Amino acid sequence: MDPTPEPPESPESPESPETHRVIGDRYALVRQIGQGGMGAVWLARDQVLGREVALKRIGHFPGGDTPGLVRAQREANLAARLNHPHVVAVFDFVSEGEEQWLVMEHVVGADLASLVADDGGLRPEEAARLLAQVTEALAAAHEAGIVHRDVKPSNILVTADGTAKLTDFGIARARDSTITASGMVAGSPAYLAPEVAAGRPATEASDVWSLGATLYQALSGRQPYESDNVMSAMYRIVHEDPPRLPGSGWPADLLEHTMATDPSDRWPMSRVHSYLADGPPAAPPTSREAPPAAATTTLLEPVPPVAPEPVRRGRLLPVLLAVGAVLVAAVLVWSLLRPDPAPNAGDDTASDEPTSQRSPSSSASRTPSPSSTAPPSSSAPATSSASTTATPPAPGNPAGAMRRFVQRYIATALADPADAWTQLSPRFQQDCCDGDEGSYAGYWDTIEDATLSDVVADPRAMTVAYTITWDPVDRSPEDEDVTLVLVRDGEGYLIDEER
């Protein structure tokens, strides 16, 4: 648990040897205010700036430069980089001997789990108001390429004036709150997305599921998967239909778009935020109310009836001219209002909605599009026609489809290298690994995670260029610029070359 409201009685007596200890020659411990899986959380006094802060001891890492410590420092940097009013601020990271301390903003309030337990569930409008603030923070994090990995009520702090702040950014990664290296689960699995419970990497879509599970608890007063048996709860998450609340009025109907088994069926966090922030949808008009105005404009109004009278020849010409002018105007207006033709095939600004261009791999189509990863480097030069002749782009938005294919491919390579192998052309399989699938899978086993950025697709050249930050298992992260050459495979793509 992160910094939480101070308990009436401090769990540590004034005589505790930790009390008044100074961390990093700056932060004087006052008293313990929380206890989490990584260690105690302390109220401390910043002796330089004269303010109260919260210090969390995030673990002991003997040796000083172990991979665990490197990851902890990197995650602390990510949390500090995310400056947002609804995120608990991170001020400092202190190493002292074999201890590491995270220095954070001290938030006076209660966590959402406690509020829900006290009230037995919140009113819909109150739950939506608090979680709209949280989704705003998560949307900003996802935009910055940060996945929280541990969204749950106890990580949402609420102040006395109703301000919600999300905490524990990045620490979930350091303490591995989902699946550990030994295959065990640390902490409650009640908020894990099905793909994470099945052992796949956490992504932005996983955060969306966890936000939905948090909404479920905020409205109902109970966890979505209550079980004393961790493995039983995880089995239910993976194999059972997601839980729903009776009635499913606003905002409970949001569960269908957050707690969806297939990650690709979940809304992005920015859309979840808009839904909660905009409030309940407007009620449809009743039969006594006039329907809303039509989106189109009536071009020709009916001519009112007039008493029959002889039409003089001198009056007929103005009438015909007027009718002709109206018809010409109608044609012009229709040409302006008709649907636009299909976007230019090479225009990367067209809609990025999914198209029919999918990888032939069923696993890849189920894999969400995280901000992660890239294939092993190949030194063999390309000789196929794909790299020497321009391939006509596919209709719709081919640039978006190519970007999504590469993102899905890399996510698949991390989770299931055997499936990703099928997304390489036979030529590239030979070039990158001498046709040896085992060698290819062995390479990906050395990669713990990766992050994609600056992804640019060129449909005419059939290339996708990006920067990838590799996170190997046994060494520090490193960046690499990669360009992939794709070839069409039916309605999807295959990777034919890496430059």
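Here the structure is a predicted model, which is why all the values come from computation and not from measurement.
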Practice item. Look at the side chain of K165 and the backbone N and O of V158, then say whether any donor-acceptor pair between them is shorter than 3.5 Å. Key: no
Study note, to complete from the structure: What one should report as the nearest heavy-atom pair of E480 and E498 is OE2-OE2, 4.3 Å
Review point. How about Q423 and T412: do any of their side-chain heavy atoms sit closer than 4.5 Å?
Key: yes
Practice item. Measure the shortest side-chain to side-chain distance between H142 and I146 over non-hydrogen atoms and say whether it is less than 4.5 angstrom. Key: no
Review point. Any chance the side chains of D481 and T467 put a donor and an acceptor closer than 3.5 Å?
Key: yes
**Study point:** Atom pair CG/NE2 of D278 and H273 - distance to nearest 0.5 Å
**Key:** 8.0 Å
Point to revise | L254 and L215, any side-chain heavy atoms less than 4.5 Å apart | key: yes
**Study point:** A164: partners by side-chain contact (heavy atoms from CB on, under 4.5 Å), with sequence neighbours left out
**Key:** L130, Q133, V134, I156
Review point. Aromatic ring centroids of W267 and Y275 under 6.0 Å?
Key: yes
Check your understanding: So, do D431 and E497 sit near enough that their side-chain heavy atoms are less than 4.5 Å apart?
Key -> no
Review point. Is the side chain of D496 donor-acceptor paired with the backbone N or O of L424 at a distance under 3.5 Å, no angle test?
Key: no
Practice item. Kindly say whether the aromatic ring centers of W470 and W444 come within a distance under 6.0 Å. Key: yes
Check your understanding: Is it true that a side-chain atom of S439 and a backbone atom of D436 form a donor plus acceptor pair closer than 3.5 Å?
Key -> no
Practice item. Could you tell me whether the side chain of R266 and the main chain of W209 form a donor-acceptor pair under 3.5 Å? Key: no
Review point. Is the shortest heavy-atom distance from the side chain of V455 to the side chain of V406 under 4.5 Å?
Key: no
Review point. Do Q223 and Y216 get their side chains close enough for a donor-acceptor pair, meaning under 3.5 Å?
Key: no
Check your understanding: Quick one: which of T167, T214, D150 gives a side chain to side chain donor-acceptor pair (under 3.5 Å) with N155?
Key -> D150
**Study point:** D241 atom CG, over 12 foreign heavy atoms within 6.0 Å
**Key:** no
Review point. Okay, side chain of S210, backbone of S206: is any donor-acceptor separation there less than 3.5 Å?
Key: yes
Check your understanding: Would you say I447 and L414 make side-chain contact, with heavy atoms under 4.5 Å?
Key -> yes
**Study point:** S274 side chain vs S270 backbone, donor-acceptor pair below 3.5 Å
**Key:** yes
Point to revise | Pair Y466, R403: side-chain N/O donor-acceptor within cut-off below 3.5 Å | key: no
Check your understanding: Quick one: CZ on R129 to CD on E126, what's the gap to the nearest 0.5 Å?
Key -> 4.5 Å
Practice item. Under the side-chain hydrogen bond (donor to acceptor under 3.5 Å, both in side chains) rule, what do T469 and D479 come out as? Steps first, then yes or no, please. Key: CA-CA 4 Å; T469 302; D479 293 340; 2.7 Å; yes
Point to revise | Beyond-backbone contact of C432 with Y443, side-chain heavy atoms, under 4.5 angstrom | key: no
Exercise for review: Taking all non-hydrogen atoms of both residues into account, name the closest pair between I237 and A197 and its distance.
Suggested key: CG2-CB, 4.2 Å
Check your understanding: Can you tell me if S425 uses its side chain to pair, donor with acceptor, with the backbone of I495 under 3.5 Å?
Key -> yes
Study note, to complete from the structure: Nearest heavy-atom approach of P251 to L276 is CB-CD2, 3.9 Å
Exercise for review: Check the surroundings of atom OH in Y235: do more than 12 heavy atoms from other residues, nucleotides or ligands lie under 6.0 Å from it?
Suggested key: no
Review point. Are there more than 12 heavy atoms of other residues, nucleotides or ligands under 6.0 Å from atom CD of E226?
Key: yes
Practice item. Using ring-ring contact (aromatic ring centres under 6.0 Å, His included) as the criterion, point out the one residue from Y409, Y440, F428 that pairs with W421. Key: Y440
**Study point:** Side-chain touch R499/V482, heavy atoms, less than 4.5 angstrom
**Key:** no
Point to revise | Donor-acceptor pair, side chain of T135 and main chain of V272, under 3.5 angstrom | key: no
Check your understanding: Say you draw a straight line from CG of L484 to CG of L494; how long is it, rounded to the nearest 0.5 Å?
Key -> 12.0 Å
Check your understanding: In Å, rounded to the nearest 0.5 Å, how long is the span from CG of D253 to CZ of R244?
Key -> 10.5 Å
Review point. Between the main-chain N or O of G492 and the side-chain N or O of R488, is there a donor-acceptor pair closer than 3.5 Å?
Key: yes
